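Worksheet for the structure shown next.
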Amino acid sequence: MRIEIAELLKGEKTDIEITVMGWVRTFRNNQFIALNDGSTNHNLQVVVDFNAMDETILKRITTSACISVSGKLIKSQGKGQTVELVADTVEILGDSDAEKYPLQPKKHSLEFLREIAHLRFRTNTFGSVFRLRNALIFGIHKFFQEQNFLNIHSPIISASDAEGAGEMFRVTTLDLNKLPKTEQGDTDFSQDFFGRSSNLTVSGQLEAELAAMAFTKVYTFGPTFRAENSNTARHLAEFWMIEPEVAFNDLKDNADLAEDMLKYVIRYAMEKHPDDIDFLDARLAEEEKQKPTNERAEFGLKEKLNFMLENNFERVTYTEAIEILLQSPAYKKKKFQYEVNWGIDMQSEHERYLVEKHFKKPVIVTDYPKDIKAFYMRQNEDGKTVAAMDILAPGIGEIIGGSQREERLDKLEQRMQEMHIPTEEMYWYLDTRRFGTCKHAGFGLGFERLVQFVTGMGNIRDVIPFPRTPKNCEF
RNA sequence: UCUUCCUUAGCUCAGUUGGUUAGAGCACCUGACUGUUAAUCAGGGGGUCUCUGGUUCAAGUCCAGAAGGGAGAGCCA
C-alpha cells in the first residue's frame, strides 16, 4: 500500500514494509535517493544497495524521474534524517532525461522558474508556497463557515460595465473579422451571445450586497479579471478575491471582521504548515543577506507574522494619516516625490511610510475624501468623507479595500448621477435600497496579496500557479 | 503606459582601452570511490555572445532600433 512521505517522516512507525511513490530530487553517491511526493517539503531518504540493483534501473534514477519504491522503513543509519527506506525494489514509473530536464539540485532564480512554471511545482520554494496557498484558501472558508457566513458564487461573466473598478476583458462570440454594425456604424451587440455586450467580472461585490440583503452574512471567493496594463510585482490580470458582505455592520464592525479574518487565516496556515514557513523564512533571510544593509527588511518572515498576530492593527482616519505625513521628518526633508495635502489619493511612498516607518505594523485607514472613492460608499455627516477603509500591510501595500455601503436611496442616486453612473441600468442594485434597505458593509481581499504576505514572496507572479499578466498567457 | 537596469553554454555569472581559437562554477557524459545530505575526485562534450542594422582593417565589447526580462512608478486588490 502506498503511504505518503509526510506520514512516514513523522517517524511513528518503523520496521514496516511499505511502498512509496514520488519524484527523485537528487540521487547521491549511487546509494541515496531524496524522494519527494509533495506532501511535505522534506524528502524521504531511500537507500539502495547498488551492488544488488540492476544497473539499467540504477541509471534511470535521475533527477525528477518518477519512481515507486518498496522496502522496509527503518531508523536512519546516518545523520540528517530520522527514518529512511531501505529499498527492496525500485520501479521506474516515468523516466526523466537528465540532459534535457531544466531543474538541477541547486538554487535557481525565480525569473527562470517563472519561465518553466509547469515544472516549478517540483521545487522546494514553490512546494511550500502552494501548500500554504491551499491552507489559506481552506482557512478562509473555515473562518467564514464557522461564523455561519453563506458562500455565494457571484457571476464571472457580467453585462454591467458600471462597476468602475478598472478595464474589463470583453466576452464575445462575434466573429472579430466580420463585426455586425448598427445603422450608426457601431458594433451591434444585440447579435452577440447575450444580446448585449458582456465582460469578465472585475468584482463580485454588487451581487454579494444583493445576497446579504437576504442572508445577512455572505462572502464570495472567486476569480476576478482586470485588463489594466499593470506591470508590477503586485498586479495580475487574473486573480482571486474574497468579498464578504454583512448586513447591519458599520465601518468599525467591518474593520473588526477584516482584522479577525486576517489573523485567523495566518494563524491557521502557520499551524498547518510550520515546516513550509520555516523553509520560506530561511529562504527570505538568505535573500536579504544579498542586499545592502540599508535595504534589508526589518523583520524576518516568522517574526513579521507573529508580530502581526500578537498586535492590534493600527487604526487611523485619513485626516489623521495626512497629518502624520505632514509632520513626518520625511516630509520636512522633502523626501516624498508627490505632494501631501488633504484630498490627495495617497501614493505608494506615503502608504509605505505610514506602515513601514511610522507604525511598523498593518494600518487600517478610514474615512477617505469622497472624491477619490467609489460611488457606493456611505457618505459621512461631514459631507466631505465616506465610510471607506483600506488595510495596508508592510511590504505589500493595500491588501484589503472596503467600506460601509450607502444604504440611503436618495444619497446613492445623487452620488451616482454626480459620477455619471447609469442608474436605470443598475435598477437591480438600487432595488435593495428600495425594498427593505439597511446599513451594511463589506470588503475585498486580494487573495494573492495575502499569499505574498504569508510566504514573503516579493513577486505576485510567484504565488499563483500560472500568472496572467500583460503579454503573458503561457501554460 | 512611464523611468531605469539587464540579455554571453542547460543554470548562475566573468570577459580588461575594440585585437588570435570566448572562460569559470554547477548541470550533463565517461571512469573512480561508496553512509551520502546541492556527495567527492579525474577526464570529456557543449556557444547564431537575444535579434536587426551601422561604425571599423577588426565588434561579445562602440552606436541606433526591436524583442524579452527585472526593479521602481502610475492604476488597483
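Fair warning: this is a prediction, and the values are worked out from it, not measured in the lab. Throughout, protein chains are lettered first and strands after them, A, B, ... in sequence-line order, and every chain is numbered starting at 1.
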Original post:
Hey, is A/F239 stacking on B/rA77? Ring centres under 5.5 Å, planes under 30°.
Top reply: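 One would call A/F239 stacked on the B/rA77 base.
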Nearest-angstrom distance from the residue atom [atom1] of [X] to [atom2] of [N]:
{"X": "A/E99", "N": "B/rC11", "atom1": "CD", "atom2": "P", "answer": "14 Å"}
{"X": "A/E167", "N": "B/rA77", "atom1": "CD", "atom2": "P", "answer": "14 Å"}
{"X": "A/I460", "N": "B/rC76", "atom1": "CD1", "atom2": "P", "answer": "16 Å"}
{"X": "A/D97", "N": "B/rC28", "atom1": "CG", "atom2": "C1'", "answer": "9 Å"}
{"X": "A/I74", "N": "B/rG35", "atom1": "CD1", "atom2": "P", "answer": "15 Å"}

**OP:** Answer yes or no for A/K263 and A/F143: cation-pi contact, defined as NZ/CZ to six-membered ring centre under 6.0 Å and angle to ring axis within 45°.
**Re:** no
Could you tell me whether the phosphate oxygens of [N], OP1 or OP2, come under 4.0 Å of any side-chain nitrogen or oxygen in [X]?
{"X": "A/T232", "N": "B/rC75", "result": "no"}
{"X": "A/R28", "N": "B/rU40", "result": "no"}
{"X": "A/N472", "N": "B/rG68", "result": "no"}

[X] side chain: which of [options] is closest?
{"X": "A/T26", "options": "B/rG74, B/rU34, B/rA39", "answer": "B/rA39"}
{"X": "A/H108", "options": "B/rC75, B/rG35, B/rC11", "answer": "B/rC11"}
{"X": "A/N29", "options": "B/rG70, B/rG72, B/rU34", "answer": "B/rU34"}
{"X": "A/K59", "options": "B/rU30, B/rG35, B/rA73", "answer": "B/rU30"}
{"X": "A/R226", "options": "B/rU36, B/rA77, B/rC28", "answer": "B/rA77"}
{"X": "A/R234", "options": "B/rG31, B/rG72, B/rA73", "answer": "B/rA73"}
{"X": "A/N30", "options": "B/rG70, B/rG31, B/rU34", "answer": "B/rU34"}
{"X": "A/K471", "options": "B/rU36, B/rU34, B/rG68", "answer": "B/rG68"}

**OP:** Please work out if A/F453 contacts a base, only the sugar-phosphate, or nothing of the nucleic acid, heavy-atom cut-off 4.0 Å.
**Re:**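 Since no nucleic acid heavy atom lies under 4.0 Å of A/F453, the category is nothing.
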Original post:
With sugar-phosphate meaning primed atoms plus P, OP1 and OP2, does A/Q45 contact a base, only sugar-phosphate, or nothing at under 4.0 Å between heavy atoms?
Top reply: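 Since a base atom lies under 4.0 Å of A/Q45, the category is base.
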**OP:** Can you establish whether the number of heavy atoms outside A/K332 located under 6.0 Å from its atom NZ is more than 12?
**Re:** yes
**OP:** State yes or no: are the ring centers of A/F336 and A/Y353 separated by less than 6.0 Å?
**Re:**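 Yes, the ring of A/F336 comes within the 6.0 Å limit of the ring of A/Y353, centre to centre.
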**OP:** Taking the six-membered ring for Trp and the single ring otherwise, decide whether the centroids of A/F466 and A/F121 are under 6.0 Å apart.
**Re:**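 Between A/F466 and A/F121, the centre distance is under 6.0 Å.
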Can you check whether any acceptor in the base of [N] is under 3.5 Å from a donor in the side chain of [X], or vice versa?
{"X": "A/S230", "N": "B/rC76", "answer": "no"}
{"X": "A/E111", "N": "B/rU12", "answer": "no"}
{"X": "A/H235", "N": "B/rC76", "answer": "yes"}
{"X": "A/E228", "N": "B/rG74", "answer": "no"}
{"X": "A/Q104", "N": "B/rG10", "answer": "yes"}
{"X": "A/N231", "N": "B/rU1", "answer": "yes"}

Subject >> Residue whose nearest RNA chain B nucleotide is more 5′ - A/L236 or A/F112 >> reply: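 The answer here is A/F112.
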Original post:
Which comes earlier along RNA chain B counting from the 5' end, the contact point of A/Q31 or that of A/D390, where each point is its nearest nucleotide?
Top reply: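 The residue whose closest nucleotide sits nearer the 5' end is A/Q31.
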Can you tell me, in whole Å, how much space there is between the [atom1] of [N] and that of [M]?
{"N": "B/rU34", "M": "B/rC41", "atom1": "C1'", "value": "13 Å"}
{"N": "B/rA77", "M": "B/rA38", "atom1": "P", "value": "44 Å"}
{"N": "B/rG70", "M": "B/rG46", "atom1": "P", "value": "33 Å"}
{"N": "B/rA9", "M": "B/rU50", "atom1": "C1'", "value": "14 Å"}

Side-chain H-bond candidate by donor/acceptor type, [X] with [Y], under 3.5 Å:
{"X": "A/Y376", "Y": "A/E209", "value": "no"}
{"X": "A/T63", "Y": "A/Y101", "value": "no"}
{"X": "A/R25", "Y": "A/N124", "value": "yes"}

Subject >> Nucleotide forming a Watson-Crick or wobble pair with B/rG65, both distances under 3.5 Å >> reply: B/rC51
